[in-house]
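Worksheet: one structure, shown below.
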Amino acid sequence: MDQTELLKRITCFSGLDDVHLEEVLRFSERRTFARGEVLFELGDPGEALYILLSGRVKCYINGKDGRQVTLAFLGPGEMVGELALFDPAERRSASVQAVEETECVWLSRERFLEALASNPSLALSVIRTLSQRLRETSQRVGSLVLMDTFGRLARFISDLAEREGRQLADGSVLITRPTQEEIAHFIGTSRETVNRLLKELETQGFLRLLGRKILLFKTPS
């Protein structure tokens, strides 16, 4: 499948015809990142947008004390690195790393801004994406303040199931989870606590742990 057909599957670009898509892609590149490879780091120049075609990445910040805080996990159909593109003086506000082999379209700032200027529907899609990210950030901040660790883990699993889960015939949902350490960085706890709480949820019949996959039941079994 060529890049034009791949971009049609991305929400922000699905409304563009082939002519406009070809214009968007004229100076783009298709890139692949191995698991653990860094796409860019905090403070780097914001020279390009990354459109994820497959795989998953995490956005994170490393604290001065060595601890890592995960801000978001992003997968196919999502963009990363768009915030720094709107102001040439802006630098990357976080680091981004592939947590599994990831393929993406690398799109230069100049081409991205030209596409926005000439395609109002694309600009609206980007605004909707940014608004959704802002809402998710607000909800996460609220969770960190108002929920205990158990609640934050349950919210994380529920959100992951809604976003990426595959519903089975019996109503259960199969999801592929990040590592326990990555989950811990996201919900603000330790890997040991995540491991213990996952086992508690399994004991209570809410889910079944299948290695890196979780089978989430519709009702406790």
Okay, side chain of [X], backbone of [Y]: is any donor-acceptor separation there less than 3.5 Å?
{"X": "Arg30", "Y": "Val105", "result": "no"}
{"X": "Glu78", "Y": "Gly75", "result": "yes"}
{"X": "Glu202", "Y": "Arg208", "result": "no"}
{"X": "Thr102", "Y": "Glu100", "result": "yes"}

Could you tell me the separation between the [atom1] atom of [X] and the [atom2] atom of [Y], rounded to the nearest 0.5 Å?
{"X": "Gln97", "Y": "Tyr60", "atom1": "CD", "atom2": "OH", "result": "4.5 Å"}
{"X": "Phe73", "Y": "His185", "atom1": "CZ", "atom2": "NE2", "result": "9.5 Å"}
{"X": "Ile214", "Y": "Leu201", "atom1": "CD1", "atom2": "CG", "result": "8.5 Å"}
{"X": "Leu168", "Y": "Phe217", "atom1": "CG", "atom2": "CZ", "result": "10.0 Å"}
{"X": "Leu216", "Y": "Arg166", "atom1": "CG", "atom2": "CZ", "result": "13.5 Å"}
{"X": "Ile61", "Y": "Gln68", "atom1": "CD1", "atom2": "CD", "result": "10.0 Å"}

Looking only at heavy atoms, which two atoms of Pro76 and Gly55 are closest? And how far apart?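 What the structure gives for the nearest pair is CD-O, 3.1 Å.
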Between Val57 and Ala98, the two heavy atoms sitting closest are CG1-CA, 4.0 Å
Report the C-alpha separation of Cys59 and Leu74 in whole Å, then their side-chain angles, then the decisive distance to 0.1 Å, and conclude whether the side-chain contact (heavy atoms from CB on, under 4.5 Å) test is met. CA-CA 8 Å; Cys59 308; Leu74 301 174; 3.9 Å; yes
Could you check whether [X] pairs with [Y] (Lys NZ or Arg NE/NH1/NH2 to Asp/Glu carboxylate O, under 4.0 Å)?
{"X": "Arg111", "Y": "Glu114", "result": "yes"}
{"X": "Arg196", "Y": "Glu192", "result": "no"}
{"X": "Glu103", "Y": "Arg31", "result": "no"}
{"X": "Glu164", "Y": "Arg56", "result": "yes"}

Using residues 34-53 as the side-chain source, report each donor-acceptor pair under 3.5 Å to any protein atom, sequence neighbours left out, with the distance given to one decimal.
residue : atom : partner : partner atom : Å
Arg35   : NE   : Val99   : O            : 3.4
Glu37   : OE1  : Ala34   : N            : 3.0
Asp44   : OD2  : Glu41   : N            : 2.8

Is there a side chain to side chain donor-acceptor pair (under 3.5 Å) between Lys213 and Thr176 once you walk through the steps? CA-CA 4 Å; Lys213 294 186 181 298; Thr176 300; 2.8 Å; yes
Does Glu200, at its CD atom, have more than 12 non-hydrogen atoms belonging to other residues, nucleotides or ligands within less than 6.0 Å?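 Counting neighbours around CD of Glu200, more than 12 heavy atoms of other residues, nucleotides or ligands fall under 6.0 Å, so yes.
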Heavy atoms, side chains only, cut-off 4.5 Å: are [X] and [Y] in contact?
{"X": "Thr179", "Y": "Glu182", "result": "yes"}
{"X": "Pro178", "Y": "Leu160", "result": "yes"}
{"X": "Ile157", "Y": "Leu198", "result": "yes"}

Can Ser28 and Trp106 be said to form a side-chain contact (heavy atoms from CB on, under 4.5 Å), step by step? CA-CA 5 Å; Ser28 70; Trp106 179 96; 5.7 Å; no
Report the C-alpha separation of Phe156 and Phe186 in whole Å, then their side-chain angles, then the decisive distance to 0.1 Å, and conclude whether the ring pair (Phe, Tyr, Trp, His ring centres under 6.0 Å) test is met. CA-CA 9 Å; Phe156 175 83; Phe186 188 83; 5.2 Å; yes
